[in-house]
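One structure is given here, and the rest of the page talks about it.
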Amino acid sequence: MAGVVSDQFKRMNLQTKTVGEDRIKRAKERNEDVAILSMELPGEKKTFKCSLGEDCLQGDPKSLPLGTKKMEYKTRQWHEKCFCCCVCKVPIGTQSFIPREQEIYCAKCYEEKFATRCIKCNKVITSGGVTYKNEPWHRECFTCTNCQKSLAGERFTSRDEKPFCAECFGELFAKRCTACNKPITGIGGTKFISFEDRHWHNDCFFCASCRTSLVGRGFITDNEDIICPECAKQKLM
């Protein structure tokens, strides 16, 4: 089979050898998804009508002279040279083809017309891919807006509808921990504490004097520091 079609599309097998009535009958009975090339033989008087109708390349869609080859697919018939791609008009011949509604497409034209395309590079996505905001991307095209690192399979967040890796988002936009000055991204369920206009990672929220964690406990501010009640009492003694 000639040509390549994306793995998301169904390929149709084209049987090009001239076959007899028994083979045609068997294919129809089994509903095989193949196109069969056959020839009108002496003594055979079958009804024929080319599916191209008025656009038949033979001129008369009902004419099938002896020795003329015809193509059959499902319940439809064509002259051999009329069985062509509806877009490029090239005869299918031995190429793979894809039926859609009442039209026949070669693999190349089908991809050009219907294939899923990456929102970034506009090229066909032949396998895999990433969906973000209901739009398709190649895995290699789905990158951080700032550093261009691939985000496929990675943690990321967005800002103004643009994706950023966790590191860049933190450096560019996140609040910073008062204790360690590192970004508080909130990605992956990161917990943090806010008080007035200051913020801390959970792990950084501890008493400035005894270093005991103050998460879930009361605390007292001492200028720029936060201290536990016990240490506050010690300072007052």
Side-chain angles (χ1 to χ4, degrees), residues 1-13 33 85-88 95-101 103 105-208 211-217 219 224 226:
M1 184 184 298
V4 177
V5 62
S6 304
D7 60 6
Q8 60 187 309
F9 303 126
K10 183 179 181 183
R11 302 193 194 200
M12 300 302 173
N13 296 316
D33 218 354
C85 173
C86 65
V87 177
C88 67
Q95 300 180 70
S96 52
F97 70 97
I98 302 165
R100 185 182 176 99
E101 298 175 349
E103 303 289 2
Y105 296 84
C106 67
K108 180 180 179 181
C109 288
Y110 189 89
E111 284 199 345
E112 288 295 323
K113 190 174 180 69
F114 299 110
T116 301
R117 292 181 176 274
C118 175
I119 194 67
K120 183 175 183 179
C121 70
N122 199 40
K123 294 181 180 179
V124 173
I125 299 175
T126 58
S127 62
V130 174
T131 299
Y132 173 67
K133 299 291 186 182
N134 293 320
E135 294 179 324
W137 304 65
H138 287 113
R139 293 177 66 85
E140 60 269 24
C141 290
F142 187 59
T143 58
C144 172
T145 303
N146 184 59
C147 70
Q148 304 307 310
K149 170 188 174 182
S150 174
L151 297 179
E154 300 291 333
R155 294 190 308 161
F156 71 92
T157 189
S158 63
R159 175 90 171 200
D160 299 328
E161 302 297 314
K162 297 177 181 179
F164 292 85
C165 67
E167 291 77 11
C168 287
F169 183 85
E171 290 298 325
L172 295 171
F173 309 114
K175 298 171 182 176
R176 290 189 174 271
C177 177
T178 299
C180 70
N181 200 39
K182 293 181 180 179
I184 302 174
T185 64
I187 295 175
T190 302
K191 295 181 179 180
F192 63 96
I193 294 160
S194 295
F195 176 69
E196 294 180 344
D197 60 346
R198 294 186 289 171
H199 314 279
W200 294 264
H201 294 107
N202 264 24
D203 294 341
C204 296
F205 193 61
F206 47 74
C207 174
R211 315 302 284 180
T212 299
S213 173
L214 296 177
V215 176
R217 299 179 57 191
F219 62 90
E224 293 299 313
I226 53 171

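By the 6.0 Å contact criterion, NZ on K120 is enclosed, its count of non-hydrogen atoms from other residues, nucleotides or ligands being greater than 12.
Considering every non-hydrogen atom in both E154 and S150, the closest pair reads CG-O, 3.7 Å. In terms of heavy atoms, T145 sits closest to P163 at OG1-O, 2.7 Å. Taking each heavy atom of C118 and H138 in turn, the nearest pair found is CB-ND1, 3.2 Å. Considering every non-hydrogen atom in both I226 and R198, the closest pair reads CG2-NH2, 4.3 Å. When every heavy atom of A152 is checked against every heavy atom of V130, the shortest pair comes out as CB-CG2, 4.2 Å. Here the closest non-hydrogen pair linking C144 and C165 is SG-N, 3.4 Å.
Rounded to the nearest 0.5 angstrom, I184 CD1 and T178 OG1 are separated by 7.0 Å. Within the model, atoms NZ of K133 and OG of S158 stand 4.5 Å from one another, a figure rounded to the nearest 0.5 Å. Here the CD atom belonging to E135 is positioned 10.5 Å from the CZ atom belonging to F142, to the nearest 0.5 angstrom. For the atom pair CG (N146) and CD (E167), the distance works out to 11.0 Å, reported to the nearest 0.5 Å. E140 CD to Q148 CD: the interatomic distance, rounded to the nearest 0.5 Å, is 13.5 Å. A distance of 14.0 Å separates NZ of K108 from CD1 of I98, quoted to the nearest 0.5 Å.
Using a 4.5 Å heavy-atom threshold, the side chains of E171 and P183 count as touching.
Not less than 6.0 angstrom separates the ring centroid of F195 from the ring centroid of F205.
A cation-pi geometry, defined here as NZ or CZ lying under 6.0 Å from the six-membered ring centre and within 45° of its normal, does not hold between R159 and F164.
Remark: K113 engages no residue in a side-chain hydrogen bond (donor to acceptor under 3.5 Å, both in side chains) (not counting sequence neighbours). With sequence neighbours excluded, the residues forming a side-chain hydrogen bond (donor to acceptor under 3.5 Å, both in side chains) with S194 are H199, listed by chain and number.
E112 has a carboxylate O that lies under 4.0 Å from a charged side-chain N of R117, or vice versa, which qualifies the two as a salt bridge.
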